[in-house]
Amino acid sequence: MKTKFDKEYPINASPQLLFQYISSPSGLTEWFADNVNSRGEIFTFIWDGSEEKAKLVANKTEEKIKFRWLDENEKDTEYYFELKIVLDELTKDVTLVVTDFAEEDDLKDHQQLWDNQIADLKKILGSA
């Protein structure tokens with residue numbers, strides 16, 4: 001059983017620019033995985049030669065992107081990750097909210113992995 005968690009990251013970039021990096025295979029390849037390919041709704045994420053497939057289940061321009069992980073038979077699992085862009089109307093501050101799942105004993109490591117990935121994203125955006 002995996003535990004759901006949310007992490008918030010302030011990002012110094014426009015929602016339009018940020019969305020390009022979280023929603024396209026080329027954008028995701030720059031910071032999230034070694035390589036990302038897509039065929040329709042199915043995205044293949046490649047890290048160190050291993051592949052994970054996910055189905056694009058939500059795509060709201062400049063707001064959020066959500067992927068549901070597929071098992072080896074390409075069936076939907078209950079686990080997903082979502083990247084949501086929150087724009088504070090008053091301050092215009094942009095926050096990226098990550099929702100993901102991890103095993104209880106891997107939770108800290110998994111959150112640290114996101115911290116590292118988002119740090120890479122911020123460098124690319126010139127927001128670090």
Side-chain angles (χ1 to χ4, degrees):
M1 184 71 190
K2 293 185 178 185
T3 304
K4 180 179 175 182
F5 67 89
D6 294 304
K7 287 208 75 170
E8 293 187 7
Y9 300 94
I11 305 276
N12 187 12
S14 71
Q16 298 85 349
L17 180 63
L18 181 54
F19 191 75
Q20 292 172 17
Y21 281 94
I22 67 170
S23 63
S24 69
S26 60
L28 287 162
T29 297
E30 288 200 47
W31 67 276
F32 184 69
D34 296 337
N35 198 0
V36 180
N37 301 308
S38 69
R39 283 227 164 94
E41 300 179 324
I42 306 300
F43 280 60
T44 304
F45 298 91
I46 301 163
W47 292 276
D48 296 327
S50 73
E51 286 188 6
E52 295 284 334
K53 290 191 178 194
K55 181 179 180 181
L56 178 64
V57 291
N59 180 348
K60 200 162 182 193
T61 304
E62 294 175 25
E63 275 187 42
K64 74 175 181 178
I65 191 100
K66 181 176 178 179
F67 294 97
R68 184 171 306 280
W69 292 111
L70 301 176
D71 66 16
E72 58 276 354
N73 300 317
E74 300 204 7
K75 300 262 188 278
D76 285 7
T77 66
E78 61 188 290
Y79 302 115
Y80 65 87
F81 72 97
E82 180 179 78
L83 303 170
K84 185 162 66 175
I85 300 168
V86 178
L87 176 65
D88 184 306
E89 287 301 323
L90 208 53
T91 63
K92 300 297 182 206
D93 289 343
V94 175
T95 303
L96 184 64
V97 180
V98 174
T99 302
D100 199 0
F101 292 82
E103 298 290 343
E104 195 63 50
D105 52 353
D106 287 338
L107 200 54
K108 289 272 185 275
D109 289 344
H110 209 74
Q111 290 175 335
Q112 182 63 52
L113 185 64
W114 275 110
D115 291 347
N116 295 340
Q117 303 288 75
I118 299 299
D120 289 347
L121 174 61
K122 285 181 170 186
K123 278 188 207 128
I124 291 163
L125 291 168
S127 152

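Bear in mind that the values here come from a model prediction, so they are computed numbers and not experimental data.
Residues Trp114 and Val86 do not share a hydrophobic cluster, defined by chaining ILVMFWY side chains whose heavy atoms lie under 4.5 Å apart. Hydrophobic cluster membership is shared by Leu56 and Tyr21, with clusters built from Ile, Leu, Val, Met, Phe, Trp and Tyr side chains linked at under 4.5 angstrom. Taking hydrophobic clusters as Ile, Leu, Val, Met, Phe, Trp and Tyr residues chained together by side-chain heavy-atom distances below 4.5 Å, Tyr79 shares a cluster with Val98. Phe19 and Val97 are members of different hydrophobic clusters when ILVMFWY side chains are connected at heavy-atom separations under 4.5 Å. Put simply, Leu83 and Val57 are part of two different groups of oily side chains (I, L, V, M, F, W, Y) that touch within less than 4.5 Å, one to the next.
Sorted by first and then second residue, the side chain to side chain donor-acceptor pair (under 3.5 Å) pairs involving residues 27-40 (not counting sequence neighbours) form an empty list. Sorted by first and then second residue, the side chain to side chain donor-acceptor pair (under 3.5 Å) pairs with a member in residues 1-16 read Thr3-Glu104, Lys4-Tyr80, Asp6-Thr99, Lys7-Asp115, Tyr9-Asp115, Ser14-Gln16; sequence neighbours excluded.
Listed by chain and residue number, Lys53 satisfy the side chain to side chain donor-acceptor pair (under 3.5 Å) test with Glu74 (two or more places apart in sequence, or in another chain).
Side-chain contact between Glu52 and Trp47: present, with at least one pair of heavy atoms (C-beta onward) separated by less than 4.5 Å. Contact of the Ile85 side chain with the Glu63 side chain is not registered, since no non-hydrogen atoms from C-beta on lie closer than 4.5 Å.
Remark: Glu62 CD to Ile22 CD1 distance equals 10.0 Å, nearest 0.5 Å. Taken to the nearest 0.5 Å, the OG1 atom of Thr61 stands 8.5 Å off from the CD1 atom of Ile65. One distance of note links CZ of Phe45 with CZ of Phe67; it measures 4.0 Å at 0.5 Å rounding. For the atom pair Leu107 CG and Phe5 CZ, the distance stands at 6.0 Å (nearest 0.5 Å). To the nearest 0.5 Å, atom CG of residue Asn73 and atom CG of residue Asp76 are 12.0 Å apart. A distance of 11.0 Å separates CG of Leu18 from NZ of Lys122, quoted to the nearest 0.5 Å.
Across Ala33 and Ile46, no two heavy atoms sit closer than the pair CB-O, 3.6 Å. Shown here for Val36 and Pro25, the closest heavy-atom pair between the two residues is O-CB, 3.4 Å.
Tested against Glu82 for a salt bridge (charged side-chain N to carboxylate O under 4.0 Å, His left out), the candidates Lys60, Lys64, Arg68 yield a single pass: Lys64.
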Exercise. Begin from the C-alpha positions of Phe32 and Phe43 and carry the test ring pair (Phe, Tyr, Trp, His ring centres under 6.0 Å) through to its verdict.
Key: CA-CA 13 Å; Phe32 184 69; Phe43 280 60; over 10 Å; no
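Counting non-hydrogen atoms of neighbouring residues, nucleotides and ligands closer than 6.0 angstrom, the NZ atom of Lys75 reaches no more than 12 such neighbours.
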